[in-house]
Amino acid sequence: MPLSDLFVPAAWAIMPGSLDSLLQMFSAAPPEGADPARPDTPAPAARAASPFAAPDASGPADAYFLRDGVAVIEISGIIRRASGSFLWFFWEGQDRIRASIKTAMEDPAARAILLSFDSPGGVAAGVKELADYIASLTAKPIYAYADGLCASAAYWLASATGRVYAPLTATIGSIGVLHVHCDRSAANTAAGVRYTYITGGAWKAAGNPDAPLSGADQAHLQTLVNTLHGLFRADVASRMPVDALSPESWGDG
């Protein structure tokens, strides 16, 4: 089984090019010296250079740094439900983001919070709930900054602040949802293998990779994607200065 099968959920809020790179990464061999028996290799301690210059005080390790009384939380890379790593690949976690925001909200030295994004997005699951949490916080002002890239799931989270700032060269938006179907039936045939799915429930194996995608399965999966996309656009429309009556003009991915 390709590693990509273990890491690809049902739906993504991510830029397609980034997802393609992710799938290729997991299909490639580990780099020389990597230990496949150690999937819990710790992420590098240092993050990418921030545009806010050197911090004048430190927050909790790996949570945020303080700059002029503002807790800057850096969110970089592909976003998944929980922080983690596998071999040479590291991903940002919704769990770390939530915990960092909660800690900063309780820190008397932090008078405001800035979410600094450099992310193409990530999994769709859990993003709305985290965005709702961000939007519910009122004790301190929360802002978002696109430090180069703030797309899909990252933008969903950023838009929850109602205040998204960006330099002229940043890429922001990509308000859409993506589902990938991999048809490996030809490869199975070449290998002399045939899979039969026995299910309870008409849609239990919808979109399975061992058969071509049928019209009925595609329609079913499209409904799921459309539902997530509708939630994404509704949240942006309720929190950002856009025309809520014409989401097709700004929320088409």
Side-chain angles (χ1 to χ4, degrees), residues 1-29 39 77-82 84 86-87 89 91-94 119-132 151-157 159 171 173-237 246-253:
M1 176 183 294
L3 282 175
S4 57
D5 285 9
L6 300 176
F7 286 87
V8 179
W12 292 84
I14 192 172
M15 297 183 73
S18 297
L19 181 57
D20 182 62
S21 297
L22 174 65
L23 297 179
Q24 291 186 38
M25 183 185 302
F26 279 116
S27 298
I78 291 173
I79 301 171
R80 290 180 58 86
R81 295 299 298 270
F86 188 87
L87 297 176
F89 176 69
W91 54 86
E92 183 66 87
Q94 296 172 24
S119 170
V123 298
V127 177
K128 175 171 174 52
E129 290 76 13
L130 180 55
D132 288 346
S152 290
Y155 183 76
W156 198 337
L157 299 178
S159 67
T171 299
S174 189
I175 301 172
V177 178
L178 177 67
H179 177 97
V180 177
H181 175 263
C182 174
D183 179 3
R184 62 187 182 198
S185 58
N188 292 341
T189 299
V193 177
R194 182 169 62 183
Y195 291 87
T196 301
Y197 286 74
I198 302 171
T199 67
W203 305 110
K204 187 63 176 178
N208 77 79
D210 296 304
L213 188 63
S214 69
D217 281 8
Q218 182 170 347
H220 172 68
L221 296 174
Q222 185 67 60
T223 298
L224 300 179
V225 167
N226 289 348
T227 299
L228 283 169
H229 191 200
L231 293 172
F232 191 172
R233 296 203 297 195
D235 277 358
V236 174
S246 58
E248 67 284 347
S249 67
W250 48 262
D252 62 355

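None of these values were measured; they are calculated from a predicted model.
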J.: Can you list every side-chain hydrogen bond (donor to acceptor under 3.5 Å, both in side chains) pair that touches residues 218-228, not counting sequence neighbours?
T.: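 Sorted result for residues 218-228: Gln222-Asn226.
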J.: Under a 3.5 Å distance rule, please check whether Asp217 uses its side chain to pair with a backbone N or O of Ala206 as donor and acceptor.
T.: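 Judged by distance alone, no pair lies under 3.5 Å.
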J.: Which heavy atom of Val177 sits nearest a heavy atom of Ala11, and at what distance?
T.: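 Where Val177 meets Ala11 most closely, the heavy atoms are CG1-CB, 4.1 Å.
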J.: Just by modelled atom types, is the Ala82 backbone N or O under 3.5 Å from a matching donor or acceptor in the Trp91 side chain?
T.: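 Such a contact is found between Trp91 side chain and Ala82 backbone.
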J.: Measure from the side-chain N and O atoms of Ser119 to the backbone N and O of Gly77, and report whether any donor-acceptor pair falls under 3.5 Å.
T.: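 Such a contact is found between Ser119 side chain and Gly77 backbone.
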J.: What pairs with Thr199 under side-chain hydrogen bond (donor to acceptor under 3.5 Å, both in side chains), at least two apart in sequence or on another chain?
T.: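 side-chain hydrogen bond (donor to acceptor under 3.5 Å, both in side chains) check on Thr199 returns nothing, list empty.
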J.: Compare every heavy atom of Tyr155 with every heavy atom of Gly173, then report the nearest pair and how far apart it is.
T.: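 In terms of heavy atoms, the two residues are closest at O-CB, 3.7 Å.
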J.: Going by salt bridge (Lys or Arg N to Asp or Glu O under 4.0 Å), name the pairs with one or both residues in residues 186-200, residues two or more places apart or in two chains.
T.: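 Counting only pairs at least two positions apart or across chains, no salt bridge (Lys or Arg N to Asp or Glu O under 4.0 Å) contact touches residues 186-200.
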J.: I'd like to know whether Trp250 forms a side-chain contact (heavy atoms from CB on, under 4.5 Å) with Val236, so could you lay out the CA-CA distance, the side-chain angles of the two residues, the decisive distance to 0.1 Å, and finally the verdict.
T.: CA-CA 10 Å; Trp250 48 262; Val236 174; 3.7 Å; yes
J.: Please name all residues satisfying side-chain hydrogen bond (donor to acceptor under 3.5 Å, both in side chains) with Asp210, sequence neighbours left out, ordered by chain then number.
T.: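 In terms of side-chain hydrogen bond (donor to acceptor under 3.5 Å, both in side chains), with neighbours along the sequence ignored, Asp210 is linked to Arg184, Asn188, Tyr197.
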J.: List in chain and number order the residues that pass side-chain contact (heavy atoms from CB on, under 4.5 Å) with Ala234, two or more places apart in sequence or in another chain; answer none if no residue qualifies.
T.: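 With neighbours one apart ignored, the set is empty.
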J.: Check salt bridge (charged side-chain N to carboxylate O under 4.0 Å, His left out) between Asp235 and all other residues, then give those that pass, not counting sequence neighbours.
T.: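 Asp235 satisfies salt bridge (charged side-chain N to carboxylate O under 4.0 Å, His left out) with Lys128, Arg239 only.
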J.: Which residues pass the side-chain contact (heavy atoms from CB on, under 4.5 Å) test with Ser246, sequence neighbours left out?
T.: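 Expected list: Asp243, Glu248, Ser249.
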J.: List for me each residue that meets side-chain contact (heavy atoms from CB on, under 4.5 Å) alongside Ala153, sequence neighbours excluded, and say none if there are none.
T.: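 In terms of side-chain contact (heavy atoms from CB on, under 4.5 Å), with neighbours along the sequence ignored, Ala153 is linked to Ala13, Val127.
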J.: Can you tell me how far CH2 of Trp203 sits from CG of Leu224, rounded to the nearest 0.5 angstrom?
T.: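 Answer for the CG-CH2 pair, Leu224 versus Trp203, is 10.0 Å.
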J.: What are the two closest non-hydrogen atoms of Ile175 and Arg233, and how far apart are they?
T.: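 So the minimum-distance heavy-atom pair works out to CG2-CG, 3.9 Å.
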J.: Could you give the distance from CD (Gln94) to CD1 (Ile79), rounded to the nearest 0.5 Å?
T.: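 Reported to 0.5 Å precision, the distance equals 7.5 Å.
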J.: Going from CG on Leu228 to NE2 on His179, what distance comes out if it is rounded to the nearest 0.5 angstrom?
T.: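 Answer for the CG-NE2 pair, Leu228 versus His179, is 11.5 Å.
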J.: Going by the rule side-chain hydrogen bond (donor to acceptor under 3.5 Å, both in side chains), which residues pair with Ser174 if we only count those two or more places apart in sequence or in a different chain?
T.: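 Listed in chain order: Ser152.
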J.: Could you tell me which residues satisfy side-chain contact (heavy atoms from CB on, under 4.5 Å) with Asp183, sequence neighbours excluded, listed by chain and number?
T.: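 Testing Asp183 for side-chain contact (heavy atoms from CB on, under 4.5 Å), a comparison that skips the adjacent residues, returns His181, Ser185, Pro212.
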J.: Ignoring hydrogens, what is the shortest heavy-atom contact between Leu213 and Gly207? Give both atom names and the distance.
T.: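 Heavy atoms only, the tightest pair is CD1-CA, 3.8 Å.
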